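Some notes on the structure that comes next.
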Number of protein chains: 2
Amino acid sequence: MSEVAEKFARLTPVPAYQMVAEAIEREILSGRLRPGDPIGTEAQLVRQFGVNRSTVREGIRLLEQSGMVQRDSSRRLAVGLPHYDQLATRASRALILHQVTFRELWEATMALSLATIDFAVERATEEEIAVLEANIDATEAAIDDPAAVAAYDSEFHVMLEKTARNRVLELAREPSNMLIYPTTHVAVQGTEQGARRLVEAHRMLVQSLKLRDKELGQLWTRRHLNDWRKGFERGGNDLDQPVDLVTAPSATA
Amino acid sequence: MSEVAEKFARLTPVPAYQMVAEAIEREILSGRLRPGDPIGTEAQLVRQFGVNRSTVREGIRLLEQSGMVQRDSSRRLAVGLPHYDQLATRASRALILHQVTFRELWEATMALSLATIDFAVERATEEEIAVLEANIDATEAAIDDPAAVAAYDSEFHVMLEKTARNRVLELAREPSNMLIYPTTHVAVQGTEQGARRLVEAHRMLVQSLKLRDKELGQLWTRRHLNDWRKGFERGGNDLDQPVDLVTAPSATA
DNA sequence: GGCGCTATGATTGTCGGACAATCCGACCCG
DNA sequence: CGGGTCGGATTGTCCGACAATCATAGCGCC
């Protein structure tokens with residue numbers, strides 16, 4: 001909006017491989033190619049676009065990583081539904097490169113979790129509640145193993161997001177999750193009885209779903225995240241340090 | 001967690017071009033290569049990895065789109081800081097492919113906006129408030145041009161996010177923004193005096209920053225988004241229709 | 001000495017062709 | 001019908017080549 005009117009647009013000769021990628025992308029986004037549909041073979045694309053196979057291959061690679069095309073069984077390429085994990089992985093790496101702090105992560109997670117619990121309280125079904133409770137039981141059974149507790153905790157929150165039935169929120173949360181949850185085992189160890197508090201919080205969250213009590217859900221979401229924060233700090237970490245691969249090792253996977 | 005123990009892990013021979021990409025990515029994420037650093041020339045990479053140039057090029061393409069490597073001036077490749085726009089573009093396209101509904105978008109935006117306004121109220125500086133007010137004045141001056149109003153509105157909210165000083169939240173919001181704001185001009189036209197209500201909401205939001213009044217900020221954030229919703233529906237749209245390129249045309253850019 | 005122009009080498013983008021490994025499908029056999 | 005074999009198709013990788021473009025070092029001119 002506030003840019004000066006420029007005489008000439010920037011000349012950017014677009015490489016052929018980019019044009020190939022964009023052409024395929026257009027087909028996908030327009031709906032003419034639907035997820036699951038096979039993209040032609042490389043030879044076909046060569047004929048259609050009139051470029052060399054190397055060029056076609058480079059174009060395909062551009063789309064491959066974002067999940068817009070996937071390698072089918074064997075190695076054939078097909079249109080893919082980008083899964084959130086892939087996008088979230090990219091996003092979380094970007095956050096690392098931008099050196100965001102754990103504080104930012106924590107603040108955002110708090111906001112998103114509060115929204116999530118609200119919708120989950122509205123929409124949770126009996127089955128979902130049962131599955132969540134099963135997860136809590138499993139967590140309790142493994143309560144002396146911080147790594148297992150962290151894994152169950154991560155699973156619990158993923159399931160909770162699903163019950164909120166909002167995929168936009170789900171996608172928005174995932175990058176933070178990928179960076180925060182790897183630190184849970186640290187946080188759980190940091191607090192005396194940390195794992196037990198975690199289990200208690202989960203139980204109360206599920207309770208809020210049962211009672212359809214948003215206040216309760218929000219209360220325990222806050223407590224749960226505050227616990228994480230205290231544990232994180234007690235573990236010798238500073239909330240204002242940038243997220244990195246050392247403290248968030250699983251982001252490399 | 002709940003998967004059956006399987007005898008053998010899946011055999012996935014990793015293509016060389018992927019290994020090239022992963023190797024470069026590791027260097028970047030580990031910090032040995034920093035944003036701005038030039039990646040070697042293709043010939044160098046050929047020597048280092050011991051593969052053909054075509055292979056190296058395919059590997060580079062994998063990283064190019066996510067913004068992890070960028071074309072410097074000229075065409076030289078350098079390590080890039082992935083900008084949120086790029087990630088958000090990917091993400092918003094994924095949302096389209098997943099056929100998320102405007103309702104999901106609206107719900108998520110509401111939650112994120114409420115969090116944003118809270119932090120903005122805490123952290124806004126005099127300068128930022130002045131810039132926001134300038135934007136509102138400009139909006140008011142163009143109040144009869146729905147497209148311009150929509151553009152200023154988008155700019156306003158981007159600036160508001162900056163004042164919240166939470167990059168995680170910023171990144172989380174962006175995909176929704178990219179899909180929602182293109183519909184603003186529709187929503188503004190739908191409501192009688194829609195543009196004026198929009199300006200009023202913006203003014204009150206800035207007012208809340210000045211007074212450091214979170215309640216006021218939340219109130220007007222809700223009103224502002226409810227206005228969008230009403231306008232959207234009055235424009236003949238259904239909140240439960242999936243987001244697509246027709247209603248969100250700028251996502252193609 | 002500073003500035004603009006040019007020549008030279010380096011680098012990228014694109015092309016053509018080639019080959020091994022693998023996959024798919026058809027076919028055959030017990 | 002299950003299992004093995006064979007041939008074509010497809011991908012992954014390599015090699016070599018060339019035009020266009022960029023970077024840089026000189027070189028001449030003021």
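Just so we're on the same page: letters track the sequence lines, and every chain starts at 1. Remember, predicted model here, so these are calculated numbers, not experimental data.
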Interatomic distance, B:Leu45 CG vs D:dC14 P [rounded to whole Å] =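 Checked: the CG to P distance equals 14 Å.
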Measure from CZ on A:Arg47 to P on D:dA9 and round the result to the nearest Å.
->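 So the CZ-P distance, A:Arg47 to D:dA9, works out to 11 Å.
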Whether A:Glu104 side chain and A:Thr101 backbone form a donor-acceptor pair below 3.5 Å =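 At least one qualifying donor-acceptor pair exists.
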Where does the angle between the aromatic ring planes of B:His157 and B:Tyr181 fall among parallel (under 30°), tilted (30 to 60°) and perpendicular (over 60°)?
->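 Answer is parallel, since the angle falls under 30°.
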Does the side chain of B:Glu174 reach to within under 4.5 Å of the side chain of B:Asp85, using non-hydrogen atoms?
->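 Answer yes - side chains close enough.
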Could you write nucleotides 9-14 of chain C as a row of B, S and -, 5' to 3', where a protein heavy atom under 4.0 Å of any base atom gives B, of only sugar-phosphate atoms gives S, and otherwise -?
-> --BBBB
Taking salt bridge (charged side-chain N to carboxylate O under 4.0 Å, His left out) as the test, write out the residues that go with B:Glu22, two or more places apart.
->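 By the salt bridge (charged side-chain N to carboxylate O under 4.0 Å, His left out) rule, B:Glu22 matches no residue at all.
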Partners meeting salt bridge (charged side-chain N to carboxylate O under 4.0 Å, His left out) with A:Glu128 (sequence neighbours left out) |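 With neighbours one apart ignored, the set is A:Arg165.
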